[in-house]
Amino acid sequence: QVQLVESGGGLVQPGGSLRLSCAASGSIFSTSAMGWYRQAPGKERELVAIITSLGNTDYGDSLKGRFTISRDNAKNTVYLQMNSLKPEDTAVYYCRLFPSSWGQGTQVTVSS
């Protein structure tokens with residue numbers, strides 16, 4: 001089965017930037033869509049961004065323009081560049097390999 005290993009989370013000040021990485025094991029990465037989701041305390045998990053096998057992208061509401069998803073198929077890795085971070089971006093961020101594989105999640109905390 002596919003394993004997804006996330007890294008890059010941590011504490012950042014409002015207005016700062018952070019880049020998350022998700023490295024996938026397995027042989028189907030290059031032909032599968034990938035995504036980032038997040039879940040804040042007491043809230044439902046929500047879509048952050050999706051990138052298809054062809055490199056097409058889609059973003060959740062209010063995130064396009066601040067967040068950028070990208071992938072490097074040679075490295076079996078998907079990235080999420082987060083800029084102009086706000087306290088409301090604080091959440092656990094999850095990597096997803098469509099349709100049914102998830103990473104363990106990495107905590108992002110935006111606070112002064």
Side-chain angles (χ1 to χ4, degrees):
Q1 61 182 350
V2 176
Q3 293 183 326
L4 304 175
V5 181
E6 302 169 6
S7 62
L11 176 64
V12 64
Q13 294 183 330
S17 297
L18 207 61
R19 189 177 79 158
L20 306 182
S21 299
C22 174
S25 64
S27 60
I28 63 173
F29 180 87
S30 64
T31 61
S32 300
M34 300 285 295
W36 287 96
Y37 292 71
R38 68 184 184 184
Q39 187 167 19
K43 297 186 177 180
E44 298 291 328
R45 188 173 298 185
E46 65 175 338
L47 171 69
V48 175
I50 293 173
I51 185 165
T52 71
S53 61
L54 297 177
N56 303 116
T57 59
D58 196 13
Y59 295 87
D61 291 344
S62 303
L63 297 177
K64 188 175 183 179
R66 295 195 299 121
F67 290 10
T68 303
I69 188 171
S70 62
R71 66 192 296 165
D72 185 338
N73 289 340
K75 297 181 179 180
N76 280 4
T77 301
V78 63
Y79 305 95
L80 182 68
Q81 178 67 46
M82 304 184 292
N83 299 324
S84 302
L85 285 164
K86 306 173 182 179
E88 52 263 43
D89 294 320
T90 295
V92 177
Y93 284 71
Y94 297 90
C95 178
R96 182 185 181 186
L97 171 66
F98 285 81
S100 59
S101 296
W102 293 85
Q104 80 286 351
T106 184
Q107 177 71 48
V108 172
T109 302
V110 185
S111 176
S112 60

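Ring geometry for Phe98 versus Tyr37: interplanar angle of 30 to 60°, hence tilted.
The heavy-atom pair separating Leu80 from Phe67 by the smallest distance is CD1-CB, 4.2 Å. The two residues Asp89 and Ser84 have their closest heavy-atom pair at OD2-O, 4.4 Å. Contact detail for Ile69 and Tyr59: the closest heavy-atom pair is N-OH, 3.0 Å. Gln107 and Ala91 get closest at one heavy-atom pair: NE2-O, 3.4 Å.
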_Evaluation steps, side-chain contact (heavy atoms from CB on, under 4.5 Å), between Trp36 and Met82_ = CA-CA 11 Å; Trp36 287 96; Met82 304 184 292; over 6 Å; no

*Could you go through the side-chain contact (heavy atoms from CB on, under 4.5 Å) check for Ser25 and Asn76 one step at a time?*
CA-CA 7 Å; Ser25 64; Asn76 280 4; over 6 Å; no

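Side chain of Glu6 to backbone of Gly105: a donor-acceptor contact under 3.5 angstrom is found. For Thr109 (side chain) and Thr90 (main-chain N/O), no donor-acceptor pair under 3.5 Å exists by modelled atom type. A donor-acceptor pair under 3.5 Å is formed between the side chain of Arg71 and the backbone N or O of Thr52. Counting only distance, with no hydrogens or angles, the side chain of Tyr79 and the backbone of Thr68 share no donor-acceptor pair below 3.5 Å.
At most 12 heavy atoms of other shown residues, nucleotides or ligands fall within 6.0 angstrom of atom CG in Asp61. Heavy-atom neighbours of Gln3 CD from other residues, nucleotides or ligands within 6.0 Å: at or below the threshold of 12. Glu88 CD: more than 12 foreign heavy atoms inside a 6.0 Å radius.
Rounding to the nearest 0.5 angstrom, the gap separating the CG atom in Leu97 from the CE atom in Met34 is 5.0 Å. The CG atom of Leu85 lies 11.5 Å from the CD atom of Gln13; values are rounded to the nearest 0.5 Å. The CG atom of Asp58 lies 11.0 Å from the CD1 atom of Ile51; values are rounded to the nearest 0.5 Å. To the nearest 0.5 angstrom, Leu4 atom CG is 11.0 Å from Arg96 atom CZ.
A 4.5 Å side-chain heavy-atom check between Glu46 and Arg38 finds at least one atom pair inside the cut-off. Within the 4.5 Å cutoff, the side chain of Val12 has no heavy atoms near those of the Ser17 side chain.
A side chain to side chain contact (heavy atoms under 4.5 Å, CB included) with Cys95 is found for exactly one of Leu20, Thr106, Val78, Thr77, namely Val78.
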